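Each remark here refers to the structure printed beneath this line.
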Amino acid sequence: MPPLNAARAPTRLAYLNSQYPSLSHTFIEREVRALGAAAVEVHTFSVRASRPDDTLDEMHKRAVSRTCCLLSSPLRLSLTAAEALARHPIGCLRALLRSQRLSPPGIRSRLLHAAYAVEAARLAVEMARRRLRHVHVHMANNGAMVALLACIVDPSITYSLTIHGSAEFFDVHRLNLRAKAGHAVFVRCISDFGRAQVMAWTSPGTWGRFHVVHCGVDTRLFAPAPRNPSPTLRLLTVGRFHPIKGYPLLLRACRQLSDEGIDWSLDMVGDGPTRPALEALAAELGVRGRVTFSGPVGQDSIQGHFDRADVMVVSSFMEGVPVV
């Protein structure tokens with residue numbers, strides 16, 4: 001038995017995401033930093049490299065420098081896959097076969113899932129080099145598939161999963177939600193609704209591993225601002241310009257404010273494929289002069305947008321996210 005005053009070995013984890021860091025997934029970067037502050041040693045992995053817009057601030061730039069990108073180099077991917085094959089020949093074969101069983105029909109999907117098996121082999125090797133035995137994944141996307149297959153390549157590895165919803169519930173069969181959630185040692189769901197959806201698609205024998213852990217807000221950073229002496233109601237929304245965000249409804253609601261004689265302005269922080277359509281709709285509604293399209297903003301600058309706003313608006317069609 002070790003002495004009572006013996007130093008406890010720090011908890012060591014791998015974190016894997018399909019793309020890390022990402023500007024729209026800043027909450028993951030904050031989670032990693034919070035774990036580090038709690039004396040948890042976190043090694044971050046990304047399936048693919050971040051884009052320039054994802055590294056606008058110093059925090060994300062530092063995160064890139066500390067992250068192992070599985071697809072950073074075809075040569076390195078090939079070498080580590082060969083190393084995994086030498087270490088775990090049966091595991092690699094099982095992972096490849098499992099990838100094909102989980103693949104939807106079609107040659108493109110089968111090739112993609114074969115590639116996931118190769119990426120999983122590299123993840124297994126990189127985790128072994130760092131003496132890591134557990135990997136956590138956010139979202140049940142291709143990152144979760146890579147983690148699942150890595151645990152088949154090297155059965156000493158385990159993985160866990162955070163499911164946010166609602167995108168994971170749009171096509172549960174194609175995403176293999178049942179397999180990804182069912183093979184995780186635990187699944188964190190950010191709401192009761194999310195856990196219920198995961199339970200609906202999985203075996204009752206796995207339900208005890210599903211837990212609700214709500215998203216939180218750091219009130220030291222996001223505290224209410226002093227009341228606005230200006231008569232203008234300053235609105236703010238932050239997010240990807242994507243159909244799921246419901247921004248056309250937000251613009252139409254703002255037009256109703258004008259119809260009711262309310263003076264307002266809207267700051268839209270973010271970017272994405274629907275931006276041209278949103279700018280055109282704002283012009284069509286006659287409110288273009290009241291709407292500022294601020295583009296993507298790094299975390300070094302985002303606080304200023306919150307400080308200038310009276311109301312933060314979330315118009316997303318996705319299920320409301322409870323906070324604690």
Side-chain angles (χ1 to χ4, degrees), residues 22-28 30 51 53-54 56-57 139 164-171 190-194 196-197 214-324:
S22 171
L23 195 61
S24 63
H25 295 154
T26 299
F27 55 89
I28 302 175
R30 285 182 178 151
R51 300 164 299 187
D53 280 354
D54 292 311
L56 296 176
D57 56 75
M139 275 81 71
H164 294 258
S166 296
E168 287 99 335
F169 311 138
F170 290 166
D171 192 342
I190 66 166
S191 68
D192 292 294
F193 171 82
Q197 292 299 298
H214 296 301
C215 297
V217 173
D218 188 341
T219 55
R220 295 168 300 178
L221 292 175
F222 300 103
R227 289 185 65 85
N228 173 23
S230 167
T232 302
L233 177 64
R234 300 171 299 190
L235 306 172
L236 168 69
T237 190
V238 181
R240 293 175 295 135
F241 288 4
H242 184 278
I244 204 168
K245 297 300 183 181
Y247 285 147
L249 287 181
L250 174 58
L251 291 173
R252 294 182 187 281
C254 288
R255 172 54 198 255
Q256 285 186 324
L257 293 178
S258 294
D259 292 343
E260 295 173 12
I262 298 173
D263 190 17
W264 60 275
S265 66
L266 173 62
D267 183 7
M268 301 187 72
V269 175
D271 208 350
T274 64
R275 177 168 179 167
L278 292 173
E279 292 180 337
L281 178 60
E284 178 186 330
L285 294 172
V287 298
R288 183 64 183 85
R290 294 179 177 270
V291 181
T292 300
F293 290 87
S294 295
V297 174
Q299 292 303 295
D300 294 344
S301 306
I302 192 64
Q303 190 62 48
H305 292 263
F306 282 102
D307 290 343
R308 291 188 293 272
D310 300 310
V311 178
M312 169 66 179
V313 184
V314 178
S315 58
S316 175
F317 293 129
M318 296 175 72
E319 175 245 341
V321 180
V323 295
V324 292

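Bear in mind that the values here come from a model prediction, so they are computed numbers and not experimental data. Sequence positions, counted from 1, serve as the residue numbers for this chain.
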[X]: side chain to side chain contact (heavy atoms under 4.5 Å, CB included) partners, not counting sequence neighbours:
{"X": "S22", "value": "Q19, S24, H25, D54"}
{"X": "T292", "value": "D267, S294"}
{"X": "I262", "value": "L257, E260"}

State the CZ-SG distance between R30 and C215, to the nearest 0.5 angstrom. 11.5 Å
Distance (rounded to the nearest 0.5 Å) between S316 OG and L250 CG: 11.5 Å
Short side-chain to backbone donor-acceptor contact, S191 and G194, under 3.5 Å: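 Looks like yes, one N/O pair under 3.5 Å.
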Checking E279 now: which residues fulfil side-chain hydrogen bond (donor to acceptor under 3.5 Å, both in side chains) with it, not counting sequence neighbours? R275
side-chain hydrogen bond (donor to acceptor under 3.5 Å, both in side chains) against R252, all qualifying residues, sequence neighbours excluded: none
Does anything in residues 272-314 pair up under ring-ring contact (aromatic ring centres under 6.0 Å, His included), and if so which pairs, sequence neighbours excluded?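 Found F222-F306.
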Using the ring-ring contact (aromatic ring centres under 6.0 Å, His included) rule, collect all pairs that involve residues 257-279, keeping only residues at least two apart or in two chains.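 Found none.
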C254/L266 under side-chain contact (heavy atoms from CB on, under 4.5 Å): CA gap, chis, key distance, verdict: CA-CA 8 Å; C254 288; L266 173 62; 4.1 Å; yes
Heavy-atom side-chain proximity of [X] to [Y] below 4.5 angstrom:
{"X": "L251", "Y": "E284", "result": "no"}
{"X": "P296", "Y": "D271", "result": "yes"}
{"X": "P248", "Y": "L281", "result": "yes"}
{"X": "T26", "Y": "I302", "result": "no"}

Considering non-hydrogen atoms only, spot the tightest contact between P273 and P276 and give its length.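 For P273 and P276, the tightest heavy-atom pair comes out as O-CD, 3.6 Å.
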Report, as yes or no, whether the 6.0 Å neighbourhood of atom CZ on R51 holds more than 12 heavy atoms from other residues, nucleotides or ligands.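 Result for CZ/R51: open.
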Listed pairs under 3.5 Å, donor-acceptor, residues 231-243 side chains, sequence neighbours left out:
residue, atom, partner, partner atom, Å
T232, OG1, D263, OD2, 2.7
R234, NE, R308, O, 2.9
R234, NE, D310, OD2, 3.3
R234, NH2, N228, OD1, 3.4
R234, NH2, D310, OD1, 3.2
T237, OG1, Y247, OH, 3.4
T237, OG1, V313, O, 3.0
H242, ND1, I244, N, 3.0

